[in-house]
2 protein chains.
Amino acid sequence: MPEINIRALAKELNLSIGTVSKALKDSYEISAETKRRVLEVAKKLHYAPNPYASSLRRKKSNTIAVVVPEVADSYFSQAIKGIEEIAQLKGYHVLVYLTYESYAREKQILDEFTNGRVDGLLISVSSETCSTGHIEALNSNKVPVVFFDRAIDETDAAKITTNDYDSGYEATRHLIERGCRKIAYLSISNLLVINTKRMMGFRNAMTDSKLHVDDNNIVNCSNDDNENNRILTEVLKQKNRADGIISSVEKLITPVYTICKQLKLQIPADLKVLCFSNLSTAHILNPSLTTITQPAFDMGKMAATVLFKAVEKRNYNWQDENLVIPSKLYIRDSTGG
Amino acid sequence: MPEINIRALAKELNLSIGTVSKALKDSYEISAETKRRVLEVAKKLHYAPNPYASSLRRKKSNTIAVVVPEVADSYFSQAIKGIEEIAQLKGYHVLVYLTYESYAREKQILDEFTNGRVDGLLISVSSETCSTGHIEALNSNKVPVVFFDRAIDETDAAKITTNDYDSGYEATRHLIERGCRKIAYLSISNLLVINTKRMMGFRNAMTDSKLHVDDNNIVNCSNDDNENNRILTEVLKQKNRADGIISSVEKLITPVYTICKQLKLQIPADLKVLCFSNLSTAHILNPSLTTITQPAFDMGKMAATVLFKAVEKRNYNWQDENLVIPSKLYIRDSTGG
DNA sequence: TAAATTCACGAAACCGTTTTCGCTGAAAAT
DNA sequence: ATTTTCAGCGAAAACGGTTTCGTGAATTTA
């Protein structure tokens with residue numbers, strides 16, 4: 001839509017298009033005086049180069065894509081903030097896509113990226129994603145992919161993750177130390193690697209303490225809130241109910257608290273609760289919530305940093321980059337302070 | 001980066017480039033049989049058209065920009081979710097930019113949009129923004145602008161907002177009904193229109209109830225957390241302290257709760273608290289928080305819907321669109337249930 | 001049967017940049 | 001004085017689509 005393009009600029013300056021282009025890019029071929037004139041007139045006419053013409057010619061879009069399952073979750077909000085900060089610093093643009101935990105959407109979105117729209121991709125896979133052809137297709141198309149948070153181990157790409165196994169173990173140890181013997185573990189998808197790792201940490205911590213894991217206490221929730229309420233109510237109502245809960249998913253904490261109130265279960269007296277979460281309000285909840293908190297902002301920043309290095313430096317093996325930024329346990333009242 | 005472009009496709013099919021292009025767009029000029037062949041081979045070769053070549057020629061990017069002050073806030077996360085949903089439905093791409101409440105950044109970002117990068121803009125202005133030349137420049141450049149949440153009244157653009165004045169009034173009425181007589185009002189920037197409107201509602205509600213507004217109880221906070229802690233501590237420590245607080249900003253609720261705990265102020269007994277907020281955890285806080293909640297998701301969806309209408313239909317006066325979607329008061333324990 | 005119309009496709013201009021290559025005149029080297 | 005170098009710039013070919021316009025054959029109409 002800009003009525004003034006480089007041609008108009010050139011005409012105004014009595015210069016050729018090529019010269020103007022080079023002047024704007026501060027090319028050594030152009031004299032200082034000419035550059036000065038060009039910049040001056042460009043500013044006067046509010047010249048703004050067409051990014052798509054430039055992208056077409058250079059085969060470079062200065063744009064990256066961020067694909068995440070959702071954004072209501074506070075983890076992804078913070079991660080995106082980290083990503084955007086670095087991108088703005090580097091002069092890149094950020095396209096955001098939500099998959100709503102659907103593999104089909106994820107694939108559909110990624111398939112669109114084989115055409116040069118983006119120079120790189122940051123992705124946290126959907127909970128349904130197990131095959132990775134759509135991701136490898138990008139890698140082989142020379143668009144670097146960096147996983148953050150939810151990675152796929154087998155795929156040859158950079159990964160910025162957190163120590164999910166250790167966190168699961170640590171969370172469980174914490175509950176055990178606080179006297180829990182029957183601990184329930186809540187998850188959403190057991191396809192999700194971060195979940196299986198956390199769960200593995202949970203199981204091993206239990207076993208190491210000679211505690212039994214009841215199958216009823218491995219609880220698979222869904223994406224449907226009503227369904228989850230039903231499931232969780234059932235879990236918390238069963239005789240011989242758990243005395244501790246680890247939620248591997250932030251959004252399950254609301255139903256857990258709500259149902260406990262309904263069932264008149266006291267936290268932490270009757271039930272100790274711990275949640276993997278980035279909620280800024282964790283310590284003003286009722287009771288304040290013990291969390292394993294992921295370094296969302298830093299993970300976003302690191303993921304973006306690695307991606308830009310991959311985009312800008314050729315022959316840099318970004319695929320080998322495998323950063324693990326540890327999560328942190330914040331002990332609060334829901335597990336007895 | 002895609003080794004296969006429309007030329008390669010055409011060669012494979014023994015057709016001209018133009019014909020292939022038209023076949024892919026389902027043009028009436030092309031026979032059914034040819035279209036079938038083209039689609040078939042295109043799929044076989046994983047042909048993906050270069051979006052920038054297309055954008056360049058059509059002068060249309062199928063991309064919109066969303067410019068918001070931040071994203072850690074739950075309002076904007078939800079709004080973005082609504083926007084992205086509509087965009088995906090319409091086949092548009094969404095660029096996200098954060099201004100960090102800085103006018104300079106906002107201007108810098110918007111100035112980049114006069115060149116066709118985006119077909120439209122959704123913006124919630126920074127708290128520093130009062131002049132609007134950068135926005136009008138876009139409007140006059142034929143890129144439609146839709147404000148959401150934080151609009152600027154004087155600017156001729158579509159606005160999707162909520163009833164800030166009424167909400168401020170209603171919030172105040174609620175506190176008064178619950179027995180408050182000295183109410184403090186917390187804000188961040190008094191340049192922000194939504195804030196001045198809420199505050200006006202607050203003031204009028206007070207006056208209408210013959211209550212005095214103490215200047216000390218109009219509290220301007222900053223973007224610095226430590227600073228805010230200092231300010232709020234001071235406010236809550238003063239003799240003749242307020243018996244009610246209205247926070248017009250979500251992020252101030254954490255310091256308020258924290259400081260109350262430190263000062264051993266009981267909510268709601270000593271102090272009733274109400275917050276403009278979209279926190280999903282409001283009702284499991286300690287105590288559960290009375291909120292004025294904005295319809296973030298719906299506002300995002302509406303804003304996007306209006307924008308796409310503006311983008312797609314010419315001679316549609318989107319500037320006149322002025323939707324007000326009401327916020328809702330959720331009464332919880334922090335104001336006495 | 002001749003003329004008009006329709007159908008299906010190809011040729012080529014075009015979108016706005018970037019970049020290569022070539023040209024010119026002046027300075028430097030021989 | 002002649003050749004070489006070089007600074008500074010212009011011409012033109014890309015980049016990969018879209019779109020206008022033209023064309024020949026097939027079909028319809030007069």
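Protein chains get the first letters and strands the later ones, always in sequence-line order, with residue 1 at the start of each. Model, not experiment: these values are computed from the prediction.
- Going from atom NZ of A:Lys11 over to atom P of C:dT17 covers 14 Å, rounded to whole Å.
- Between B:Tyr103 and B:His134, the ring-plane angle classifies as perpendicular under the 30° and 60° cut-offs.
- Mapping B:Lys35 and B:Arg58 onto DNA chain C by nearest heavy atom places B:Lys35 at the nucleotide closer to the 5' end.
- Here D:dG16 presents its C1' atom at 14 Å from CG of A:Asn50, a figure rounded to the nearest Å.
- Here the nucleotide nearest the side chain of B:Leu56, chosen from C:dC15, D:dC9, C:dG10, is C:dC15.
- Judged by distance alone with a 3.5 Å cut-off, a donor-acceptor contact links the side chain of B:Arg57 to the base of D:dT18.
- Of the charged side-chain nitrogens involved, none lies within less than 4.0 Å of a carboxylate oxygen, so that A:Glu84 and A:Lys81 do not count as a salt-bridged pair.
- Taking the six-membered ring for Trp and thresholds of 30 and 60 degrees, A:Phe148 and A:Tyr75 have nearly parallel ring planes, at less than 30 degrees apart.
- Under a 4.0 Å N-O distance rule, the pair B:Glu40/B:Arg37 does not qualify as a salt bridge.
- One atom, CD1 of B:Ile6, and another, C1' of C:dC14, lie 15 Å apart when rounded to the nearest Å.
- Comparing C:dG16, D:dG10, D:dG16 by their closest approach to the side chain of A:Lys59 singles out D:dG16.
- Remark: A:Tyr52 is not in phosphate contact with C:dT18, judged by side-chain N or O atoms under 4.0 Å from OP1 or OP2.
- Rounded to 10 degrees, the angle between the two end axes of the helix from C:dT1-D:dA30 to C:dT30-D:dA1 is 50°, with five pairs used at each end.
- If you check every strand for non-hydrogen atoms under 4.0 Å, A:Ser55 touches nothing.
- Between the CZ atom of A:Arg7 and the P atom of C:dC14 there is a distance of 9 Å, given to the nearest Å.
- Counting any heavy atom pair closer than 4.0 Å across all strands shown, A:Ser54 reaches sugar-phosphate atoms only and no base atom.
- When only modelled atom types and interatomic distance are considered, A:Ser127 and A:Glu101 share a side-chain donor-acceptor pair under 3.5 Å.
- Ranking C:dT19, C:dG16, C:dC9 by closeness to the A:Ser21 side chain, first place goes to C:dT19.
- Counting all heavy atoms, side chain and backbone alike, B:Trp318 lies closest to B:Ala158 at O-CB, 3.2 Å.
- Look at CD1 on A:Ile17: it is 13 Å from C1' on C:dC14, rounded to the nearest Å.
- Look at A:Thr19 and you'll find a side-chain N or O under 4.0 angstrom from OP1 or OP2 of D:dG10.
- B:Glu136 contributes atom CD, which lies 9.0 Å from atom CD1 of B:Ile152 (distance to the nearest 0.5 angstrom).
- Taking a cutoff of 4.0 Å between a charged side-chain nitrogen and a carboxylate oxygen, A:Lys107 and A:Glu112 do not qualify as a salt bridge.
- Between the side chains of B:Ser102 and B:Thr99, no donor N or O sits under 3.5 Å from an acceptor N or O.
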Please write out each protein N/O paired with an N/O of nucleotides 5-7 of chain D under 3.5 Å, distance rounded to 0.1 Å.
none

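- The base of C:dG10 is paired with the side chain of B:Lys22 by a donor and an acceptor separated by under 3.5 Å.
- What separates CG of A:Leu9 from C1' of D:dC9 is a distance of 16 Å, to the nearest Å.
- One can place CG of B:Asn5 at 12 Å from P of D:dT18, the figure rounded to the nearest angstrom.
- Contacts of B:Leu15 with the nucleic acid, taken as non-hydrogen atoms under 4.0 Å apart, involve only primed sugar atoms and P, OP1 or OP2.
- Applying the side chain to side chain donor-acceptor pair (under 3.5 Å) criterion to B:Tyr47, with sequence neighbours excluded, gives no partner residue.
- The distance between atom CG of B:Leu24 and atom P of D:dG16, rounded to the nearest whole Å, is 16 Å.
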